Amino acid sequence: MTDLESKEMNGGGQEARTTVARASGPVPALSDQGAGQPVRATVPDTALLSLREIWARTCSRIALIAGVFSLVLGGLLIINTFFLYRGPGNGKIRLVEARELLQHKAELRANPKDDALKLKIRQLDQQLRHEYFRREQLAGRGGWLLLASAAVFITAWHLARQLRRPPVPVPNISLRPGDPVRAAALAAKAVTGTALALAGLTLAMVWGIGWQWQDALTAKAAPSGPPAATAIEAGWFPNAAEVAANWPYFRGPDGSGITRLTDLPETWDGPSGKNVLWKTEIGLPGENSPVVWGERVFLTGATEKRREVYCFDAASGALLWKEPVTIPQSERAEPLEVMEDTGFAASTAATDGRRVFAIFANGDIAGFSVEGKRLWAINLGTPENTYGHATSLTLWRNRVIVVFDQADAKAGKSKIMALDADTGKTVWSTPRKVANSWVTPILITYQNREQIITSADPLVIAYDPATGKELWQAECMRGDVATSPAFANDLVYVACDQTCVAAIKPDGTGDVTDSKIVWKQEDEGLPDTCSLLCDGPRVYTLVFGSLHAFDALTGAHLWEFESNAKFQASPSLFHGRIHLLSTKGVMISGEGTKDGFKETGRATLGENTGASPAFAPGRIFLRGKKNLYCIGTKDGK
Amino acid sequence: MKSMVLISPFARSCVFLIALAALALLAGMQPALGIERFPPPDFSGHAVPETVVPAPQSRSAGWFDVAALAAGLAAAAWLSLRSRSRRGIVILSLVALAYFGFWRRGCVCAIGSVQNIALGIANPDYAVPLTVIAFFTLPLVVALIWGRAFCSGVCPHGAIQDLVLVKPVKVPGWLDEILRVVPWIHLMLGVLLAATGSLFIFCKFDPFVGIFRMAGPRWMLVTGVGLLALSMFVGRPYCRYLCPYGVLLGLASRFAKWRPTVTPDACTQCRLCENSCPFGALNVPMPAQQGQERIARGRRRIVLLALLVPLAALLFGWLGGKVGIASLPLHPDGRLAALVLMQERGVLPAPVPEELTAFRQLGADRQSVFLKAGALETRFFTLGCWLGAAFGLVIALKLGRIFFPESSVDYATDSGRCVSCTRCFSACPYELVRRGVPVSLPQEGGRHD
Amino acid sequence: MTDPSANRERRHPAEHSAVNEPHAPGRFPSGSPDSGLSLTRRELLKSGTRGLGLLGFGAATGFLAGRDRKADTLWQINPDRCIQCGRCATACVLEVSAVKCTHSHGMCGYCKLCTGYFEPEPINLDEGAENQLCPTGAIKREFIEDPYYEYSIINELCIGCGKCVKGCNMFGNGSLYLQINHDRCVNCNICAISLECPAQAFVQVPVGQPYLLRGKGTAGK
């Protein structure tokens, strides 16, 4: 700062005040008396610097120091980030993966006995890690320090300027606006030019990209549908993750009715079509629920005479194929009587992504490829079932697990069997001392023991899925057992409407009736047909129109929620909420807490239904009496 | 809880050997997803630890933020219109910068809320959080009544630039007009991408959020620091030449009931305030024409706009559609379709992008990818056309305003551009008199003793 | 640093008249009835637009606020979709990513040769740096009983690179997986990593269930 400048920047004290009186007002604008002069005239000697000027100088020095400090610190921090990310590749590799270390590791591989190299790697590794975390810390602290110093810099600079500025502004005539008309013309030209340049540039840029999307457009017109599945080699079965990512059996991959998908719609309205992606008529009636794998949805339908398996395109709802199940010997069988509510196709199909399996009330069971090619079909014999066979299929590896309970316990006709998924041949078959039941088994793993959990009058039995050997049994069921079990908290939950809701520790062998039943609740909330739901802390049962909650660990009955609806479908859980689908097609959702059920909404399908929902990312599949619905939002959100 | 045990328990001691063999076998194969290949052991004396996850931070700040915003807006309006205090605005800016900027780390933010609103309007299933709706609406409503109080001292982005402004340099008028087109482009692109659910570019390319968080990609920090350095000389470059929310606020503020005025009393046109605005938001008096000339001017204006508006709207609407289609790869579904297409055509550069790896690994199918992309394309195109046309309209109206500026009698803050920073107040001798500074007042018409 | 007053010296007398003249005629325009009328009309138009604008904002707010809304959400990784590309470590807005590795011990095989811990084909099965996969040494390996070893993640050291996760998912049980740690996550409007994620594995979960954990006691798995 030169003396001259400091003089000109004079302010403060008495001098400033006189300056104000003169410089203010119209003086600068109108008077020809060089406005700078009076200021100069009142400048004091350097020796007699005003306090204000001393402050101003101090501030500018502080600003200078803080500014230089900030610059240096900022530079250092930037350099620091280059050290944090160093090494091969695009610079986004961390220090800890520096090239030397990787090189040494490669060298060691070639010469595994080199202990010196080992030591070198260890030292380098430690050194690099130490440096990495040190620099990381440096970056964090340095950032705040930089912020502080920048704040000091800005404040000091502001203060310095403030102190030197005369309290009354002086117009800077050299910056005065020029001729407004010319300025406007120039601005208009500039904006027009920019707009045109922008248009040209955009056009040039999109010209090259646009063609790619023509194909995407034509793809819309192309026939839709999932791609051909790969050929099935003998013995193949999907891995656990693939199974978990789909909805392959009744109530999902683990038979729990729970999905962790987070993008499902919660509101829809069948009659108005809101959030109904598509709706397709099914064909033959059936109470079975949809199962989904990838882009395919499977269902079955049957009358007394005809049985069919359907495959729909999950995206469009188009019927991809329907195949009849015809077996000569079952055609000749005696006419079958079933209850109307159960129908001839109450059992849900099962799929492994390459094949789909279906069983019907007359004992026909068949396997198809997902393209609709029949792989095998057999008749297991007409089951003696009071209401009609309704137990759904489940899969273990490449085995189809069939629980085929019939007549009463003494008749000895009930059995559980595993069929080879490739051929339909029986791999093992174990007789069951139980009466006819309608329970779909679940597969669990506890302490490395895989088990098939079944429930019927009077026994809950666990089998080894590999051999069909009985693992344990507990006698606690009676009557028409239809409620599928649940597994959570290391406990198997079972229930029926005549005896109890019970929790069994599945680590026993032999008869565990007296040893492994952890709790038993016999008084209220005993379910009739709907399956159990367990969200962890609580077990829920659906009894006609009301939802009951039990403490999952003690069995204490917690509360009852009367919904004024009737239920046939089993409850589901998604987005952390319980969803109950009534026979009238109303989905009641709400939160189950320890104190009660907090209803959060109802969504109407507009069609009666008895089937449980199936889930896929962004989509819910609901089967009405006549139509299959896909619920979802148009953009998949 | 279905899992598959591939190795029976008795073979446990061989696990390690088998694993070695498996490693060698699987080394070149497609990786499979998680399976229980090795059964978890049964320990007699060792307790298997629980899965530990850190507890989430409390998220109750949302409504407090809204209250802080409302209080800040009220304070800014009061400070800029009633108390006319620059010091007050500076203090408010500091508080806002500290709270909304460094404490809340730049999120929640009114600028970003535009995108949530766009997505909310376009997608009936997206429920915009109530706090975000408040952050979008409150500043705009205030702007309709009291001008851009939000910009003056509540927005941390504005505050950080305003506080570092030490030596303003005037941006030439023509350049200023060109640069002021940029926020509109930013807004239209941002809305296009947000409404289609592709990207939130206001957040992604936010220059200051990296500074507020003291972390971020290096380019973001460098841009932020660079822009701040620029802000020392060019007043609020982000607000004027980039901010998409600023143009909305500017639009609303054009219709404001009350806005800051340079002088609390009558303007004597002493011209002392002429260069006091560092943001080019102070208009010099533009006398209105009278009589016949005025009517002719009005006609010329109508003719110009009648020609320009449809022309610009059509041109940019057409271009907008093209831009929309070209932006398809910015949406994850569109990008996947593009990559699949490129791979099928053999024009995919090595190495194979992770998107395709994921696509193959997760067993998604080609057809549904293209179905999704096709549906998206239509949305991109339609929205692009509309936004392009809107942009054309903006350009046409801008030209109209340049040719036919609003007449004003006095020095006045520009109705759309003024950010209520209150800097110009202290340039007015009448204001100084009001504050009790002893100045001699200029006479009417510029004469003085 | 220059002072505006310095420029006064450069002022040219001719500028004054040029500057001052155009203003004179428009000095008292309010006296003209014509412009008075136009001002009123403009005012009317302005207040009309303002009213419409306020109404519009009100309507839009009502429209958007009236939506059926889920509880507030947080970002999380669906481990079933994650392909361990490694972008989590670098795409987060935080200097050290909010994504870190989580270990479900209940699913862990306690392998002696842990493919999440060791380099492929390790020289020795010991804790030597040359054998470890983790670049920051964030996995602790402890002997339990023959042949079992327990592995635990040292949270502070983990940078979310996913190297161990890849190893564990390719050859092991998948008990190691990435999760957003909500003590660090700033819950951006749109998660920066989610935009980079090639597998679209980022989902928004209700605040009440901030993690998507694998293994026992976890819904849906």
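Each chain gets a letter, A, B and so on, in the order its sequence line appears, and its residues count up from 1. Keep in mind the model is a prediction, meaning the values are calculated, not measured.
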**Report entry** Residue T102(C) versus chain B: region with a heavy atom under 4.5 Å
**Finding:** side chain
Query - Crowding at CZ, R105(B) (>12 non-hydrogen neighbours, <6.0 Å) - result: no
Query - When N181(C), L176(C), D146(C) are compared by non-hydrogen pairs under 4.5 Å with chain B, the top option - result: N181(C)
Query raised in the report: Which pair of heavy atoms, one from A358(B) and one from P198(C), lies closest together, and at what distance?
Result: CB-O, 3.8 Å
Requested in this report: Quick one: pull up CG in L94(C) and CZ in R213(B) and give me the separation to the nearest 0.5 Å.
Outcome: 7.0 Å
Query raised in the report: Is there side-chain contact between L45(C) and F255(B), with at least one heavy-atom pair below 4.5 Å?
Result: no
**Report entry** Step-by-step salt bridge (Lys or Arg N to Asp or Glu O under 4.0 Å) determination, R87(C) to E355(B)
**Finding:** CA-CA 12 Å; R87(C) 292 187 201 174; E355(B) 279 82 358; 3.3 Å; yes
Query raised in the report: When you measure from the side chain of Y211(C) to the backbone N and O of P54(B), does any donor-acceptor pair fall under 3.5 Å?
Result: yes
Query raised in the report: Is chain B contacted by the side chain of I144(C), its backbone, both, or neither, given a heavy-atom distance below 4.5 Å?
Result: side chain
Query - Atom pair OH/CG of Y110(C) and D42(B) - distance to nearest 0.5 Å - result: 11.5 Å
Report task. State whether the number of non-hydrogen atoms from other residues, nucleotides or ligands found under 6.0 Å of E50(B) atom CD is greater than 12. Result -> no
Report task. Measure the spacing between CG of L195(C) and CG of L330(B) and express it to the nearest 0.5 Å. Result -> 10.5 Å
Query - Min side-chain heavy-atom separation C191(C)-F200(B) under 4.5 Å - result: no
Query - Residue R104(B) versus chain C: region with a heavy atom under 4.5 Å - result: neither
Report task. Side-chain contact test, heavy atoms from C-beta onward, threshold under 4.5 Å: evaluate it for F359(B) versus Q200(C) and give yes or no. Result -> no
Requested in this report: Give, as side chain, backbone, both or neither, the part of V166(B) having an atom under 4.5 angstrom from any heavy atom of chain C.
Outcome: neither
Query raised in the report: Are R254(B) and K46(C) close enough that some pair of their side-chain heavy atoms sits under 4.5 Å apart?
Result: no
**Report entry** Contact origin within S198(B) toward chain C - heavy atom pairs under 4.5 Å
**Finding:** backbone
Requested in this report: Measure across P49(B) and E150(C) and return the closest heavy-atom pair with its distance rounded to 0.1 Å.
Outcome: CD-OE1, 3.3 Å
**Report entry** Region of I121(B) in contact with chain C, defined by heavy-atom distances below 4.5 Å
**Finding:** both
**Report entry** Trace of the side chain to side chain contact (heavy atoms under 4.5 Å, CB included) decision for K204(B) with V93(C)
**Finding:** CA-CA 10 Å; K204(B) 190 170 165 75; V93(C) 296; over 6 Å; no
Query - Side-chain touch L199(B)/I190(C), heavy atoms, less than 4.5 angstrom - result: no
Report task. Count the heavy-atom pairs under 4.5 Å between each of H105(C), H103(C), K100(C) and chain B, then report the option with the highest count. Result -> H105(C)
Report task. Measure A134(B) against the heavy atoms of chain C and call it side chain, backbone, both or neither at under 4.5 Å. Result -> neither
Query raised in the report: Taking V209(B), T137(B), L356(B) one by one, which has the highest count of heavy-atom pairs under 4.5 Å against chain C?
Result: T137(B)
**Report entry** V48(B) vs M107(C) side-chain heavy atoms within contact, under 4.5 Å
**Finding:** no
Report task. Could you tell me which of T51(B), V141(B), T131(B) has the largest number of non-hydrogen atom pairs under 4.5 Å with chain C? Result -> T51(B)
Report summary line: Heavy-atom nearest pair, L130(B) first then A65(C), reads CD2-CB, 3.6 Å
Query - Distance-minimising heavy-atom pair for P210(C) and P56(B) - result: CG-CG, 3.6 Å
Report summary line: Turns out that what part of K257(B) lies under 4.5 Å from chain C's heavy atoms comes down to both
